[in-house]
Novice: 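Would you mind keeping the following structure in view while I ask a few things?
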Amino acid sequence: MNEEPKNMWNQPWRGAKAVAWFAILIGVTFVIVTGIGLLSGGNVGVADTLLSALAIACFVGVVALLVLLLVRCLSSWRNLKRLMFGLACLATLVALAHAVENWRGFRAWRDFEREASAKGERFDLASIIPAPVPDEQNFAFAPVFDGVRNEMDPAWRRAHTGPGGLTNLQAFTLSPFRTNGPSGALSVSGWTKAERVDLRDWQRYYRDPKWDGTPELTNGVIRRIFLNNGQPPPPPVVEPAPAPVINEFPTTPQPQSPAADVLLALSKFEPVVAALREASQRPKSRFPVRYEDLFNAVLPYLAKLKGSSQYFALHAIAELAESKPDLALEDLRLSFQMIRCTRDEPLLISHLVRIAQVQLALQPVWEGLADRAWNETQLTAIEKELAALDFLADYQHAMRGERALSIATVDYVRREGDLNALDVSDGVNVGSSVPFSRRLLFRLLVPVGWFEQNKLTLGRMHLDLIQPAVDQQARTVSPATVGRLDQACQGFRISPYNWFTRMLIPALGNAAKKFAIGQASVDLARVACALERYRLAHGSYPETLDVLSPNFLAKLPHDVISGQPLKYRRTAEGQFVLYSVGWNATDEGGLVVLGKGSKPNVDWERGDWAWRPPAK
């Protein structure tokens, strides 16, 4: 019996063997594509590379299956008809799924946006961008900031970027630290721990260009024991003599007083300070932020503004030590100008830097009050500067900005398939060319409606939990609401409707606390200035805060956490303790809790937030 051999393509191909072959094909493709992606470098992250490799591997597996079915079907008209019918059904199901998801997503986002708009909320990027101001009125467009604006210009950055980074840089610089970076031991602020700035350390820092501020070891000579099988130790390696270190700060041959040496060292910045004084006459400020770059906008001026606040704080403290409070007040005025110049920016990072700048500016205010160096006129001027700060309003402004940027990022990724928009490191260019194949694959795999659902989740989280954490009208911050936000972030389940929310929202959970700290610090300083004005008028501090209003303070601020009056008591040494109950909303008598380490910072989640006299 001679039977003709059957066509191999018509043989049944099923079971574990078939699954294993397809798994091997997909696995090998995934490994190869991942390796190519990682070795090629670029700005694509590891997670993005793995996701793309997995999608391509699955695509290759599906194509291989379709090719196999096609070959088999071509050998039989009946099988070919079945294949065509199956492909038509599959395409119909995929199109129907996309249509349903798109309709649901667009409808849900449209209804939410209409409801929120009726309450005055807007979600488009244009609604948060500050209006431009004339250059001649713009503090940020003063000549002293020419170099900073150059750094923000993409064309200039491309022309001046070399292997080691930006070259030919002539940016605004005003910092008390050396150009090679700040030291770990020296500080310009310590009022939250009731610590003064030690001008003796700064004096040595400026006079000794080799000293970086690190405390020296005092435990004696460290002896080395060589274990070399009883043989003599090898000869010491003779290293070449280091190049002489040139002090970049002016000094005198012999030391002066610590304050005098600090002021002399900082005199190198007098031309920059003079230019800032001239620029401060301009009434408005707008840095040319490229908001279209979303979270990748380049903001080089923020670090420079913080450095300027460090400079003014140290310079003012040295002026106070030299009994020159009028000059110290001028430093504070410029410092507050640097804090105001980014207030209109709808960016969270800008306001976090402003809060850090305020903490620096409060150090000379605190030291001057502790030494009773400020007079009535100076205290009134300081309180006026502080009263102009409103970090609770700034929180709402910043969160609306973050919300609009997040939603614009979702739209951008939907259009371009470019996940680099979620990389917040400087230098990642939003709007760079994305391969067509990648955009096509992105649109085939991901329904547009999923992006609309992500926008909806982001918007709801902002309106329900993030913005209510700060009540601008009641002037309070709710740790409980922040806690619910943290719980919501931890309870997220993996879903195509909340993928962007899982990436963008958790970073905002700590923001309300930072703004509460900023506002509480400002309120404590204002009341402390009013208390000193009362002491100058009556010879001692009052028994209660109520007597300060309205003669010394138009309206007493309350505790931003509890909504109750700030806690206050006089001390036996003729000083006072003024405090908020802090993030834990528990009155601990003005106790400030520090973290761990050799130079611990304040633990803002425990203990009280206090304005106290200097530690003994």
Side-chain angles (χ1 to χ4, degrees), residues 189-194 325 329 332 335-336 339 355 358-394 472 474-477 515-571 573-583 585 587-592 602 604 607-614:
S189 179
W191 73 266
T192 56
K193 299 181 291 183
L329 178 61
L332 283 176
S335 184
F336 283 113
I339 294 170
I355 292 171
V358 167
Q359 300 295 344
L360 292 164
L362 291 182
Q363 184 67 27
V365 175
W366 177 81
E367 294 202 18
L369 286 172
D371 296 333
R372 298 178 175 175
W374 302 115
N375 62 31
E376 166 73 18
T377 303
Q378 294 157 356
L379 290 168
T380 302
I382 293 172
E383 195 278 328
K384 182 179 179 181
E385 294 281 2
L386 292 169
L389 299 173
D390 187 352
F391 285 115
L392 301 190
D394 296 337
Q472 185 178 345
R475 310 293 299 167
T476 57
V477 181
F515 279 80
I517 294 169
Q519 189 60 51
S521 300
V522 169
D523 292 344
L524 292 173
R526 290 181 61 207
V527 176
C529 289
L531 285 168
E532 180 63 11
R533 290 176 60 199
Y534 184 96
R535 187 197 66 81
L536 290 173
H538 296 87
S540 63
Y541 295 114
E543 293 185 3
T544 65
L545 297 179
D546 296 336
V547 298
L548 298 178
S549 179
N551 293 331
F552 301 97
L553 207 57
K555 183 180 179 181
L556 276 172
H558 58 241
D559 190 339
V560 296
I561 301 299
S562 67
Q564 301 299 314
L566 291 166
K567 305 296 181 180
Y568 164 78
R569 71 171 184 271
R570 296 186 298 183
T571 66
E573 296 80 14
Q575 295 284 350
F576 65 86
V577 175
L578 177 70
Y579 63 96
S580 158
V581 296
W583 198 246
D587 185 354
E588 299 179 54
L591 173 67
V592 174
V602 172
W604 294 104
D608 299 326
W609 302 344
W611 188 286
R612 303 174 295 163

Novice: Could you tell me the separation between the CG atom of Leu536 and the CG atom of Leu379, rounded to the nearest 0.5 Å?
Specialist: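 Answer rounded to 0.5 Å: 6.5 Å.
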Novice: Can you name the nearest heavy-atom pair linking Ile561 to Gly582, along with the distance?
Specialist: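 Result for this residue pair: CG2-O, 3.3 Å.
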Novice: If we ignore hydrogens and angles and just use 3.5 Å, is the side chain of Asp559 paired with the main-chain N or O of Val581 as donor and acceptor?
Specialist: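 Here the side-chain-to-backbone pair exists.
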Novice: If only atom types and distance count, is the side chain of Trp366 paired as donor or acceptor with the main-chain N or O of Arg612 below 3.5 Å?
Specialist: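 Answer holds: yes.
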Novice: Do you know the tightest heavy-atom contact between Gln575 and Ala370?
Specialist: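 Of all heavy-atom pairs spanning Gln575 and Ala370, the closest is NE2-O, 4.1 Å.
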Novice: Examine the side chains of Gln359 and Thr192 and answer whether a donor and an acceptor come within less than 3.5 Å of each other.
Specialist: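 No - no donor-acceptor pair under 3.5 Å links their side chains.
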Novice: Assess the residue pair Leu360 and Ser335 against the criterion (side chain to side chain contact (heavy atoms under 4.5 Å, CB included)); give the C-alpha distance rounded to whole Å, side-chain angles, the decisive distance to 0.1 Å, and a yes or no.
Specialist: CA-CA 9 Å; Leu360 292 164; Ser335 184; over 6 Å; no
Novice: Tell me, please, which residues at least two apart from Glu367 pass salt bridge (charged side-chain N to carboxylate O under 4.0 Å, His left out).
Specialist: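 Glu367: no salt bridge (charged side-chain N to carboxylate O under 4.0 Å, His left out) contacts found.
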Novice: Got a sec, which residues hit ring pair (Phe, Tyr, Trp, His ring centres under 6.0 Å) with Phe515, two or more places apart in sequence or on another chain?
Specialist: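 So Phe515 forms a ring pair (Phe, Tyr, Trp, His ring centres under 6.0 Å) with Tyr395.
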Novice: Could you tell me which non-hydrogen atom of Gly574 sits nearest to which non-hydrogen atom of Arg372, and how far apart they are?
Specialist: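 Here Gly574 and Arg372 meet closest at O-NH2, 3.0 Å.
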Novice: If you compare all heavy atoms of Cys529 against all heavy atoms of Val365, which two are closest, and at what distance to 0.1 Å?
Specialist: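 It is SG-CG1, 4.3 Å.
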Novice: Measuring only between side-chain heavy atoms, which start at C-beta, is Ile355 closer than 4.5 Å to Ile517?
Specialist: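 In short, these two side chains do not touch, never coming nearer than 4.5 Å.
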Novice: Would a distance-only check, ignoring hydrogens and angles, find a side-chain to backbone donor-acceptor pair under 3.5 Å from Glu383 to Thr380?
Specialist: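 No; judged by distance alone, with no hydrogens or angles, the pair does not exist.
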Novice: If only atom types and distance count, is the side chain of Gln363 paired as donor or acceptor with the main-chain N or O of Gly190 below 3.5 Å?
Specialist: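 Yes; judged by distance alone, with no hydrogens or angles, the pair exists.
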Novice: What pairs with Phe552 under ring pair (Phe, Tyr, Trp, His ring centres under 6.0 Å), at least two apart in sequence or on another chain?
Specialist: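 Applying ring pair (Phe, Tyr, Trp, His ring centres under 6.0 Å) to Phe552 gives Tyr534.
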Novice: Could you tell me whether the side chain of Arg533 and the main chain of Leu553 form a donor-acceptor pair under 3.5 Å?
Specialist: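 No, because the side chain of Arg533 does not come within donor-acceptor range (under 3.5 Å) of the backbone of Leu553.
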Novice: Could you tell me which non-hydrogen atom of Pro613 sits nearest to which non-hydrogen atom of Phe576, and how far apart they are?
Specialist: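 What the structure gives for the nearest pair is CD-O, 3.2 Å.
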Novice: Parallel, tilted or perpendicular for Trp609 and Trp604, by the 30°/60° rule?
Specialist: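 Perpendicular: the ring planes of Trp609 and Trp604 meet at over 60°.
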Novice: Check for a donor-acceptor pair, side chain of His558 on one end and backbone N or O of Thr476 on the other, with a separation under 3.5 Å.
Specialist: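 The answer is no, because no donor-acceptor pair under 3.5 Å joins these two groups.
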Novice: Rounded to the nearest 0.5 Å, what separation is found between the OH atom of Tyr579 and the CG atom of Asp587?
Specialist: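 Interatomic distance, Tyr579 OH to Asp587 CG, rounded to 0.5 Å: 3.5 Å.
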Novice: Let me confirm one number: the CG-CG distance from Leu566 to Leu556, rounded to the nearest 0.5 Å.
Specialist: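 One gets 8.0 Å once the value is rounded to the nearest 0.5 Å.
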Novice: Tell me, which pairs form a side chain to side chain donor-acceptor pair (under 3.5 Å) where one or both residues lie in residues 542-556, sequence neighbours left out?
Specialist: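 Applying side chain to side chain donor-acceptor pair (under 3.5 Å) to every pair that reaches into residues 542-556, excluding sequence neighbours, yields nothing.
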Novice: Which heavy-atom pair separates Leu332 from Ala361 by the least distance, and what is that distance?
Specialist: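 Smallest heavy-atom distance, with atoms named: CD2-O, 3.5 Å.
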Novice: Indicate yes or no for a side-chain donor-acceptor contact from Tyr568 to the backbone of Pro542 under 3.5 Å, with no hydrogens or angles considered.
Specialist: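 Yes: the side chain of Tyr568 pairs with the backbone of Pro542.
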Novice: Donor-acceptor check, side chain of Asp608 to backbone of Glu588, threshold 3.5 angstrom: yes or no?
Specialist: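 Side chain of Asp608 to backbone of Glu588, a donor-acceptor pair under 3.5 Å: yes, one is there.
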Novice: Rounded to the nearest 0.5 Å, how far apart are CG of Leu329 and CD1 of Ile382?
Specialist: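 So the gap between those two atoms works out to 5.5 Å.
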Novice: Between atom CD of Gln519 and atom CG of Leu524, what is the distance when rounded to the nearest 0.5 Å?
Specialist: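 Between Gln519 CD and Leu524 CG, I get 10.0 Å after rounding to 0.5 Å.
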Novice: For Gly563, is there any backbone N or O sitting under 3.5 Å from a side-chain donor or acceptor partner on Arg475?
Specialist: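 Looks like no, no N/O pair under 3.5 Å.
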Novice: Do Lys193 and Val592 touch side chain to side chain, with heavy atoms closer than 4.5 Å?
Specialist: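 Heavy-atom side-chain distance check fails, nothing below 4.5 Å.
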Novice: Rounded to the nearest 0.5 Å, what separation is found between the CZ atom of Phe391 and the OG atom of Ser521?
Specialist: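 The distance works out to 8.5 Å.
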Novice: Do Leu369 and Leu531 have side-chain heavy atoms sitting under 4.5 Å apart?
Specialist: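 Not in contact.
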Novice: For Glu532, which residues count as a side-chain hydrogen bond (donor to acceptor under 3.5 Å, both in side chains) partner, sequence neighbours excluded?
Specialist: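 Here the qualifying residues are Arg535, Tyr541.
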Novice: Under the salt bridge (charged side-chain N to carboxylate O under 4.0 Å, His left out) rule, collect the residues that match up with Asp394, sequence neighbours excluded.
Specialist: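 For Asp394 the salt bridge (charged side-chain N to carboxylate O under 4.0 Å, His left out) partners, ignoring immediate neighbours, are Arg343, Arg354.
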